[in-house]
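None of these values were measured; they are calculated from a predicted model. Just the heavy atoms: all of them, side chains too, but no hydrogens, waters or symmetry mates, feed the values below.
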Amino acid sequence: MPELPEVETIVNELNKVLKNRKIKEVFLNWDKLLKKRIKLEDFKKILKNKKILKVSRRAKNILIELENGLILLIHLKLTGRILYGEKSFIEKDPYLRFYLVLDNQKIMALSDLRKFAKILLIKKEELEKIEDLKDLGPEPLAKEFTLEKLIERLKNKNKKIKEVLMDQKVIAGIGNIYANEILWEAEINPFKLSKDLNQKEFENLYKAIRKVLSLAIKYQGSTISDEMYRDIYGKEGEYGKIRKVYQREGEKCFRCQSKILRKVQNGRSTFYCPKCQK
DNA sequence: AGGGGTACCTGCGGGC
DNA sequence: TGCCCGCAGGTACCCC
């Protein structure tokens with residue numbers, strides 16, 4: 001479901017409400033959520049009475065840091081949602097899979113229609129060593145992520161640029177919506193090989209990555225249909241309303257009025273303007 | 001090593 | 001109405 005801007009929004013909101021709260025109770029009704037081989041009873045026992053220190057993000061992963069050097073990692077995959085609020089309200093969610101009862105009686109829950117989401121309990125010191133995080137590329141909004149770093153990572157890739165943008169090992173956090181939006185913004189054809197981009201295109205791509213992702217965070221993510229992303233209070237993201245290509249097949253390009261096309265690429269829908277993304 | 005296909009799940013909307 | 005198909009924000013794992 002969520003890409004970098006959606007996870008960032010969730011993490012910002014969680015930080016305001018979870019910091020310094022204590023976990024009083026744990027509920028889990030979908031065994032496969034827990035990826036690591038840990039007994040459910042042990043998992044619950046470990047979390048109980050632990051204080052939450054802070055919440056952060058790495059790529060599309062939510063990292064909930066607890067006392068005693070523990071981190072609860074949550075990946076929402078396609079349809080995962082984090083909810084926060086009154087138990088009586090949250091219990092009505094038909095896709096509730098996991099929740100924490102906090103010491104203010106509020107609930108932080110994971111709802112997930114398609115059951116792809118996963119939860120991992122790890123030690124802080126092994127954070128950068130675990131499979132899920134060790135191969136991730138740089139954060140595209142970090143200060144250290146310069147144009148030169150982008151070029152360095154893309155100039156030798158003999159793969160189509162859209163696939164490269166979505167590869168978490170190359171750059172972390174970009175998924176199908178924002179890969180499409182970024183390439184429209186940069187006026188680059190999604191099927192062009194990464195290594196064939198010229199200097200000007202790399203510059204445009206770099207600017208587009210920064211612009212699209214930070215604007216999407218400002219608009220608190222994208223909600224395009226009912227099943228899609230919500231923030232922890234159930235509110236929709238506004239970026240979907242100002243998106244340029246994603247799921248706009250057959251509609252007019254906002255730059256040149258040509259019809260937006262859709263093609264399947266790597267099993268995913270690619271939307272682009274055939275005229276200004278040559 | 002890296003690419004392609006498929007698996008993991010559920011629900012919705014369109015075509016017949 | 002009802003069934004079958006394609007499609008959905010993501011990743012992991014298999015095979016070659």
Side-chain angles (χ1 to χ4, degrees), chain A residues 1-11 29-37 57-62 73-82 93-98 110-120 130-137 153-154 156-183 190-191 193-195 212-213 216-217 219-232 235-241 243-250 261-271:
Chain A
M1 134 206 215
E3 304 178 32
L4 187 155
E6 288 78 23
V7 179
E8 181 75 16
T9 304
I10 289 168
V11 163
N29 71 348
W30 176 245
D31 289 353
K32 290 187 187 168
L33 253 189
L34 265 185
K35 282 292 280 185
K36 238 185 181 174
R37 260 191 278 124
R57 178 186 65 73
R58 175 72 175 108
K60 301 169 191 170
N61 299 279
I62 299 167
L73 179 156
I74 302 178
H75 196 303
L76 299 171
K77 297 288 178 77
L78 283 165
T79 53
R81 286 182 190 181
I82 297 292
D93 188 299
Y95 310 116
L96 198 58
R97 313 291 181 206
F98 164 79
L110 170 67
S111 153
D112 186 22
L113 187 155
R114 286 173 76 181
K115 297 179 175 173
F116 290 165
K118 68 173 181 185
I119 295 178
L120 227 55
I130 63 161
E131 287 302 316
D132 304 70
L133 302 183
K134 72 178 168 57
D135 294 326
L136 286 173
R153 301 187 77 80
L154 299 194
N156 296 321
K157 296 272 182 307
N158 189 22
K159 262 172 43 172
K160 299 187 181 79
I161 184 62
K162 185 188 168 227
E163 295 164 31
V164 174
L165 280 185
M166 288 176 68
D167 185 342
Q168 302 302 298
K169 294 185 182 73
V170 180
I171 305 171
I174 300 172
N176 203 28
I177 294 180
Y178 298 108
N180 279 296
E181 295 298 316
I182 286 166
L183 289 170
F191 305 96
L193 293 181
S194 180
K195 66 180 171 63
V212 168
L213 294 180
I217 291 171
Y219 278 71
Q220 310 199 69
S222 297
T223 305
I224 294 158
S225 63
D226 280 355
E227 319 78 59
M228 281 176 88
Y229 163 79
R230 295 289 186 288
D231 77 356
I232 69 171
K235 198 162 71 64
E236 297 188 357
E238 301 295 323
Y239 193 79
K241 293 184 182 130
R243 75 189 192 277
K244 304 300 197 296
V245 277
Y246 183 76
Q247 287 191 356
R248 291 194 67 244
E249 184 185 14
L261 300 184
R262 169 181 172 269
K263 280 192 183 160
V264 177
Q265 183 182 10
N266 247 18
R268 315 297 302 274
S269 285
T270 293
F271 301 88

Novice: Using heavy atoms to find the nearest nucleotide of DNA chain C for Lys118(A) and Ser269(A) separately, return the residue whose nucleotide is more 5′.
Specialist: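 Here Ser269(A) is the residue nearer the 5' end.
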
Novice: Is the shortest side-chain N/O distance from His75(A) to OP1 or OP2 of dT11(C) below 4.0 Å?
Specialist: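 Answer is yes, contact under 4.0 Å.
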
Novice: Pick base, sugar-phosphate or nothing for Gln247(A), based on heavy-atom distances below 4.0 Å to the nucleic acid.
Specialist: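 If one applies the 4.0 Å heavy-atom cut-off, Gln247(A) turns out to touch the sugar-phosphate alone, with no base involved.
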
Novice: Answer whether the closest heavy-atom distance between the side chains of Asn29(A) and Leu96(A) falls below 4.5 Å.
Specialist: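 Of all side-chain heavy-atom pairs linking Leu96(A) with Asn29(A), none is under 4.5 Å.
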
Novice: Using the P atom as the reference point in each nucleotide, state the distance between dG3(B) and dA8(C) in Å, no decimals.
Specialist: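 Rounded to whole Å, the distance is 22 Å.
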
Novice: Please state whether the rings of Tyr219(A) and Tyr239(A) are parallel, tilted or perpendicular, taking 30° and 60° as the class boundaries.
Specialist: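 Tyr219(A) vs Tyr239(A) ring planes: perpendicular.
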
Novice: Can you tell me the distance, in whole Å, between the CG atom of Asp112(A) and the C1' atom of dA8(C)?
Specialist: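 Those two atoms, CG and C1', are 13 Å apart.
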
Novice: Extract, from 5' to 3' on DNA chain B, the first and final nucleotides lying under 4.0 angstrom from some heavy atom of chain A.
Specialist: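 Result: dG3(B) to dG11(B).
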
Novice: Under 4.0 Å, heavy atoms only, any strand: does Glu131(A) hit a base, just the sugar-phosphate, or nothing?
Specialist: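 No contact.
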
Novice: In whole angstrom, what separates Leu78(A)'s CG from dA12(C)'s P?
Specialist: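 Going from CG in Leu78(A) over to P in dA12(C) covers 13 Å.
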
Novice: Calculate the interatomic distance between Phe271(A) atom CZ and dA8(C) atom P; express it in whole Å.
Specialist: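 To the nearest whole Å, that distance equals 6 Å.
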
Novice: Going by heavy atoms in the side chains, are Tyr246(A) and Ile224(A) under 4.5 Å from each other?
Specialist: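 They are in side-chain contact.
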
Novice: Within the structure provided, determine whether Asn61(A) and His75(A) are in side-chain contact (heavy-atom separation under 4.5 Å).
Specialist: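 Contact flag for Asn61(A)/His75(A) side chains = yes.
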
Novice: Please find the pair of heavy atoms, one from Leu4(A) and one from Lys60(A), that lie closest to each other, and give the distance.
Specialist: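 Heavy atoms of Leu4(A) and Lys60(A) come nearest at N-CG, 4.3 Å.
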
Novice: Does the side-chain contact (heavy atoms from CB on, under 4.5 Å) test come out yes or no for Lys235(A) and Arg230(A), once each step is laid out?
Specialist: CA-CA 5 Å; Lys235(A) 198 162 71 64; Arg230(A) 295 289 186 288; 6.0 Å; no

Novice: Within the structure shown, what part of the strands sits under 4.0 Å from Tyr178(A) by heavy-atom distance: base, sugar-phosphate, or nothing?
Specialist: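 No contact.
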
Novice: Take atom CG of Leu76(A) and atom C1' of dT11(C), then tell me their distance rounded to the nearest Å.
Specialist: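 So the two atoms are 13 Å apart, to the nearest Å.
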
Novice: Nearest whole Å is fine: how far is dA8(C) P from Gln265(A) CD?
Specialist: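 Nearest whole value for this atom pair: 13 Å.
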
Novice: Taking the same atom, P, in dA1(B) and in dG10(C), what whole-Å distance lies between them?
Specialist: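 About 27 Å, rounded to a whole number of Å.
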
Novice: Between Lys244(A) and Asn180(A), do the side chains contain a donor N or O and an acceptor N or O under 3.5 Å apart?
Specialist: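 No pair is found: no donor N or O on one side chain lies under 3.5 Å from an acceptor on the other.
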
Novice: When you check the phosphate oxygens OP1 and OP2 of dT11(C), does a side-chain N or O of Gln168(A) lie under 4.0 Å from one of them?
Specialist: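 So the side chain of Gln168(A) is within the cut-off, an N or O lying under 4.0 Å from OP1 or OP2 of dT11(C).
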
Novice: Can you figure out which of dA8(C), dT11(C), dG10(C) approaches the side chain of Tyr246(A) most closely?
Specialist: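 Out of dA8(C), dT11(C), dG10(C), the nucleotide with an atom closest to Tyr246(A)'s side chain is dA8(C).
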
Novice: Is there a side-chain contact between Tyr229(A) and Asp231(A), using heavy atoms and a 4.5 Å cut-off?
Specialist: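 Yes - at least one pair of side-chain heavy atoms lies under 4.5 Å apart.
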
Novice: For dG10(C), does OP1 or OP2 lie under 4.0 Å from any side-chain N or O of Arg114(A)?
Specialist: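 Answer is no, no contact under 4.0 Å.
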
Novice: Which whole-number value in Å describes the distance from Arg243(A) CZ to dA8(C) C1'?
Specialist: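 About 13 Å, once rounded to whole Å.
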
Novice: Let's test your reading of the pairing rules: Watson-Crick or G-U wobble, both distances under 3.5 Å, then write DNA chain C as a dot-bracket string with ( ), [ ], | and dots.
Specialist: .|||||||.|||||||

Novice: Would you mind checking if Lys118(A) and Asp132(A) are paired as a salt bridge, meaning a charged N to carboxylate O distance below 4.0 Å?
Specialist: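 Between Lys118(A) and Asp132(A) there is a salt bridge, with a charged N closer than 4.0 Å to a carboxylate O.
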
Novice: Without hydrogens or angle criteria, can the side chains of Gln265(A) and Thr270(A) be said to hold a donor-acceptor pair below 3.5 Å?
Specialist: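 Per modelled atom types, Gln265(A) and Thr270(A) side chains form a pair under 3.5 Å.
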
Novice: At under 4.0 Å, does any side-chain N or O of Arg268(A) touch on OP1 or OP2 of dG10(C)?
Specialist: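 Yes, within the criterion.
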
Novice: Distance check needed: dG10(C) C1' versus Ile62(A) CD1, whole Å only.
Specialist: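 Rounding to the nearest Å, CD1 of Ile62(A) and C1' of dG10(C) are 14 Å apart.
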
Novice: Expressed as a whole number of Å, how far does the C1' atom of dG11(B) sit from that of dA12(C)?
Specialist: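 Those two atoms are separated by 23 Å.
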
Novice: Could Glu8(A) and Arg57(A) be called an ion pair, given the rule that one side-chain N must be under 4.0 Å from one carboxylate O?
Specialist: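 Yes, this pair counts.
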
Novice: For dG2(C) versus dC9(B), give the span between their P atoms, rounded off to a whole number of Å.
Specialist: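 After rounding to an integer number of Å, I get 28 Å for this pair.
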
Novice: Which whole-number value in Å describes the distance from Asn176(A) CG to dC7(C) P?
Specialist: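 Distance, rounded to whole Å: 13 Å.
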
Novice: How would you label the contact of Arg262(A) with the nucleic acid (heavy atoms, under 4.0 Å): base, sugar-phosphate, or nothing?
Specialist: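 It contacts sugar-phosphate atoms only.
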
